[in-house]
Amino acid sequence: MNNLRPSNLSLRTVSSNRPQLHHTEDQRSVAASDDYYSFSDHNSSRSPSNGSAATVMRYATPASYPPSRTASPHISRTHLAPDMAAPEAERSAPQQDGTPTSNTVHFGQDRVAWISPRSDHDSHQDQDLGEYSGRPDTPGLDDSPYVRFAINQLTRDEETASLSRKSSLESDEYPADRLVWDEGLGQFTRSPLPSKTPPAQQPRPLSGEQQQLLPPPPQSVEPESFVAVEPPEESLLYPALDYVPVVLRPWALAALIFCCLLMIAGIVFCNVWSRRHSGLWYYDGQGGSQYFVFQFLPQILAAIITIWTFVVQAAIYRIMPFATMGSERPVDHVLQKLPILSQNFLLPDISHFRHGEPAIGISLFAIWLSNFISIPLLSCLFQAKWYDIDGQGTWQWASVLAVGWTLVAIYGLLVIGLLMLMLRFARTWSGLMWDPTSLADLISIIQRSNILHDFEYSEVVPHVGETLDPRVLRLGYWRLSNRDEIFYGVGEVDAPIRSPSLHRTEKTRGKQPHGLLRVSFDVEQHAGFSKEMDDHPLYSKSARYRWTPWFLRDTWVVLWSVIVSALFIAFVLASFIHDAIKGGFPPRLPTLPSTGAFSSSNFLYSFIPALIGNVLFLLWQPVDVYFRGLQPFVELSAPNGAPAERSLLLSYPARLPFEVTVLAILNKHYKVAWISLMSVVSVAIPILAGGVFIALWYPSHQDIRIAALMPAFYTLVAFCALYMVSFLCIWPRRCRYLPHDISTVVDQISFLYQSPLLSDKLLREPRSKTDLVTRLIMAPPGERDYPMYGFGIYIGRDGKEHLGIDRFHRPGRSDMLITTGSMK
C-alpha cells in the first residue's frame, strides 16, 4: 500500500450540512455517507485515477449535539477533536509488523468506532452491506447505530419541513422532520432527510467493466433472536420462576378442602342420624337458638366457602395466562382468549377447556356449581316434622334426605375440583417471580418482549385480540442468540428481537434529546376536540370513550335500576299491605312431610327466595370485579396524573374481601369501597331469604300457613333496600370509559407497548416485588419531585403519538395530554 502524502492534503473544518474534503491535487472525493465510508485508492486497477494509497478520513461529532434539533448556523461548523488534529503520518504509520494502525472515529465520550485501512475490495463489500459491524473487541455490541448517528449529524440538511398537522402549540423549536426512536442510541433522533446534493456532486455510475470487477454482495446476516435458557441455579440475580399465590398453594387449598369435607361430613351425619333416630333435635318454635342453627347457620357456613372460592378463582384467573406460557404448552391464543379478571359467577366460564387447561376448567365449573346452588339447597335442608315417639307426638327438626345427598354430591365435586387444582399448582413451573396483581407487574414482564410490534395502534381498536396473529409464547428466562446476557419476560422462541432499543443496556444508551417533543392538540379551539382531531383515532371521542362493560352501559344501568327498584317496591307492598307476611299466608302446596322429611311448601318457600337472593348476590360480583380492575385507569385519567401507589401499583382485584374496602377508603376511592363492601354484604340476602319462612299450624285459622320470622324479615327488607340504592352508585363516569376491554393480557399490553416506561432505567429488570415497588415510589435520579403517571396521548418510543400509560411529565418533553378532565 502506498503511503499518504500529508503535505499535499489539508483537512479543514467540517460543515454539519455537507462535509467536504479539500485536496491540493485532483483526486477522487472522499465523503461520508449515511451507511458507510468511501475510500480512495489511486493505484487500484479498477480506478481510472492514479496516485495515492487508500485514505480514511475521520470526522468528530460532539456528543452534546442534540439529535432532535436543527443545528444553528452559529454552531454549524465543528472543528476536529484534539486527537483528530494529530499529524497524518502518526495516524497512518504502519506498525512494526507492517500492518497499518487502525484509525478511529470518536462519537461522544464512551463510544469509539474503529475503522482499519483495507483494500478497495473490502470497502466495496462494506458499501454493499450497508451496515457497519462492531469490531471483535466489543463482542455482542453493534456500533453501527452510533456511526450512522454521527454521520447523520454531519450530513443532514438544515432545512426543515412544516408540520403535518397544525396546532396551537406549534413553534419554531418544534422538530420539522419526523422524530423516531433510535434503536441503538436509546433516544429520539430525526429520520434521515432525502439527499439534496446537486446533480454535479452525485457519484457517477460505474461502467460495465467496473461493475464486473465488483465483488458479489455479502450474504444476509441472521438477526438476533430469542433463545430460551435455564438460569443458573441458586442465583439471587435469577430467582426461580415457581411463584404461586398464597391461596393456590397446597396448604391453603388443603384448608379449603378440609372445610368442604367438614360440610360433607356434617350433612352425611345429619341424614343418617335423622333417619335412624326420628329427627335431630326438638323443635322449640320460631326465634330460638335451634331455629338459628337449622335455618341460618348452614347458609352462613356455605357463604364462607363461597367467598373463599371467589378469592381462589380470582387468583386462578390472574395467573393462568402466565402459568400456561410458563408451562411451554403449544397454545397460541393464551394472551388473547384467557381472561385475567374473574368471570365465573352467574354463568360458568369454560374458556380454559379450549386452551389446554382441563384441570382448571373442571375446577372452575365445580366452584361455579357450588356457589350457584349450595346456599339455596342448604336453606331447605332441615324441616320440622311430626314424630310419634314413645306414644307421644312431638315436632322434631329433621334432615331432608334428597336435599342432603344432593349437597354431598355437589361438595364432593368441589373437593375433586380443588384437588385437581392442587395438583396443577403443586411443584409447578408457573413462570412467575411474584404475583402479577398490578399494571407495574405487567410492565416488568413485557419490557423486553419481542411480540410488541404486533400491537401497532392496537390501543384504539375495539377488540385487540382479533387484530393479533396467533403465536406460541413462553414466559421465562431468555438470552439473545449472539449474547450471553440473561433476561426475563414473555417472548416467542427463535423469533427476532424486533425492539432492539429495549435490549440496550445503560452503557449503550445515548443522552436524551434537548428538544421538546410535543403532542399536537389544540385545547383552545371550541374548548375541546376540534373537528380535525375528532376524526383522528387517538383524539376521537368515539374511540377514546368507546368501551365499558355491557352491564355498566347507560342503558343497562337504567334498566337494572328500574327492575331492582320495581321488584323492591312490589316486594314491600306485597309484604306489608294487610299484614300479609305478619299474619301468614296459605302455602298453596302440600305441606305434610314425606318419609324423607320432604315438604313441598317448605321447599318452595325456602329454596326459591334463597335462589333469587343468590342470583342477586352473584349478579353484583362482576360489577365489583370491574370497578376494582378499572380503578387504576380512573386514577391515571386524572388531569395531572397520579402517583404510582394510587395507579400503577393498585391491586384491588387481588385483595381479600373487606381488605379492599379498607384500602379504598384510605385511598379515597369511596365508590370502589362501597361496591366492594356490598359484594360481601349482599350475601345476607340469600341467607335470610332462605330461612325466614316456615310452614306452621295456626290454631286461630285451624289451618297450616306460611309464617315469617319477623325480625329476620325486617332485616331482609333493609338489605334489599341497600342493594337497590347501591345500583344508583354504579353509574360509571367518563373516566371509567376506555377504548376497549381490559379483561385479557393483550388488552392491557396495548396501552403499554410503546410506552417509554418499558425502557425506563428506573424500572429496568426488578428482581422482586419489593424492588419494583421501591423504584416506583421514589423520585428518579436527578429529579426532586416524585413521578406522576397518566393515561392519555404521549410520545412513544417510535417518536409517534400513542394512547396509553406513561409518566405524565418527562424532561425535554411536553406533558401528556389527558382529555378526561376537560371532557366531563
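Note that these values count all heavy atoms, side chains included, but never hydrogens, waters or copies made by symmetry. The chain is numbered in sequence order, starting from 1.
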Side chain to side chain contact (heavy atoms under 4.5 Å, CB included) between Ile340 and Thr744, worked out: CA-CA 5 Å; Ile340 57 176; Thr744 64; 5.7 Å; no
Within residues 647-657 or reaching into it, pairs that qualify as salt bridge (Lys or Arg N to Asp or Glu O under 4.0 Å) - sequence neighbours excluded: Arg655-Glu659
Check: Phe571 ring centre within less than 6.0 Å of Tyr723 ring centre: no
Beyond-backbone contact of Asn602 with Cys380, side-chain heavy atoms, under 4.5 angstrom: no
Between CG on residue Leu364 and OG1 on residue Thr309, distance to nearest 0.5 Å: 10.0 Å
Arg553 charged N/C atom sitting above Tyr737 aromatic ring, 6.0 Å / 45°: no
Option from Tyr626, Phe310, Trp368 for which ring-ring contact (aromatic ring centres under 6.0 Å, His included) with Phe345 holds: Phe310
Under 3.5 Å: donor-acceptor pair, side chain of Ser370, backbone of Ala366: no
Whether over 12 other heavy atoms sit under 6.0 Å from Trp251 CH2: no
Pair Met678-Val623, side chain to side chain contact (heavy atoms under 4.5 Å, CB included): steps then yes or no: CA-CA 10 Å; Met678 283 302 302; Val623 178; over 6 Å; no
Side chain to side chain contact (heavy atoms under 4.5 Å, CB included) assessment of Phe627 paired with Arg736: CA-CA 8 Å; Phe627 266 83; Arg736 298 187 187 274; 3.5 Å; yes
Minimum heavy-atom distance Asp624-Ile675, with the two atoms named: CA-CG2, 3.7 Å
Evaluation steps, side chain to side chain contact (heavy atoms under 4.5 Å, CB included), between Leu475 and Leu432: CA-CA 8 Å; Leu475 176 63; Leu432 292 169; 4.0 Å; yes
Partners passing side-chain contact (heavy atoms from CB on, under 4.5 Å) against Leu401 (at least two apart in sequence or in another chain): Asn271, Arg275, Trp405
Residues, nucleotides or ligands: over 12 heavy atoms within 6.0 Å of Ile350 CD1: no
Minimal non-hydrogen separation, Met710 against Lys582, with atom names: SD-CA, 3.9 Å
Side-chain H-bond candidate by donor/acceptor type, Ser351 with Asp349, under 3.5 Å: yes
Minimum heavy-atom distance Phe719-Val681, with the two atoms named: CE2-CG1, 3.1 Å
Matching residue for Ser363 among Glu357, Met422, Met420 - test: side-chain contact (heavy atoms from CB on, under 4.5 Å): Met420
Side chains of Phe322 and Val745 in contact at under 4.5 Å (non-hydrogen atoms): yes
Sequence-distant partners of Pro376, side-chain contact (heavy atoms from CB on, under 4.5 Å), two or more places apart: Phe607, Ala610, Leu611, Asn614
Shortest non-hydrogen contact from Tyr317 toward Ser342: CD1-CA, 3.7 Å
Whether over 12 other heavy atoms sit under 6.0 Å from His463 NE2: no
Side chain Tyr291, main chain Gly691, donor-acceptor under 3.5 Å: yes
Check: Ile706 main-chain N/O paired with Tyr605 side-chain donor or acceptor under 3.5 Å: no
Polar side chain donor-acceptor pair, His740 to Ser750, under 3.5 angstrom: yes
Side-chain heavy atoms of Ser682 within contact of Leu616, under 4.5 Å: no
Whether Ser651 side chain and Thr437 backbone form a donor-acceptor pair below 3.5 Å: no
Expected output: side-chain Thr661 to main-chain Pro657 donor-acceptor under 3.5 Å: no
Atom of Ser599, atom of Pro590 and distance for their closest heavy-atom approach: OG-O, 4.1 Å
Test item: side-chain donor near acceptor, Ser438 and Asp441, under 3.5 Å: yes
Enclosure of Trp434 CH2 (heavy-atom neighbours >12, cutoff 6.0 Å): yes
Backbone N/O of Val683 and side chain of Trp620: donor-acceptor pair under 3.5 Å: no
Pairwise side-chain contact, Leu414 with Ile305, heavy-atom cut-off 4.5 Å (strictly under): yes
Ring-ring centroid check Phe372 Phe365, cutoff 6.0 Å: no
CG-CD1 distance between Leu421 and Ile416, expressed to the nearest 0.5 angstrom: 13.5 Å
Pair Asp554-Trp731, side-chain donor/acceptor within less than 3.5 Å: yes
Heavy-atom side-chain proximity of Leu559 to Thr555 below 4.5 angstrom: no
Qualifying residue for side-chain contact (heavy atoms from CB on, under 4.5 Å) with Val490, from Ile749, Leu473, Val334, Leu442: Leu473
Pairwise side-chain contact, Ser399 with Phe382, heavy-atom cut-off 4.5 Å (strictly under): yes
Interatomic distance, Lys668 atom NZ to Glu635 atom CD [nearest 0.5 angstrom]: 11.0 Å
Distance flag, aromatic centroids of Phe727 and Phe568, threshold under 6.0 Å: no
Minimum-distance pair of heavy atoms, taken over all atoms of Leu378 and Pro298: CD1-O, 3.5 Å
Main-chain N/O of Ser679 paired to Gln621 side chain as donor or acceptor, under 3.5 Å: yes
Main-chain N/O of Pro321 paired to Thr324 side chain as donor or acceptor, under 3.5 Å: no
Backbone of Ser594 reached by a side-chain donor or acceptor of Lys385 within 3.5 Å: yes
Nearest-0.5 Å distance, CG of residue Leu418 to CG of residue Leu248: 10.0 Å
Atom pair OG (Ser274) and CD (Gln396), whose distance is rounded to the nearest 0.5 Å: 9.0 Å
Tyr283 and Trp397 aromatic ring geometry - parallel, tilted or perpendicular at 30°/60° bounds: perpendicular
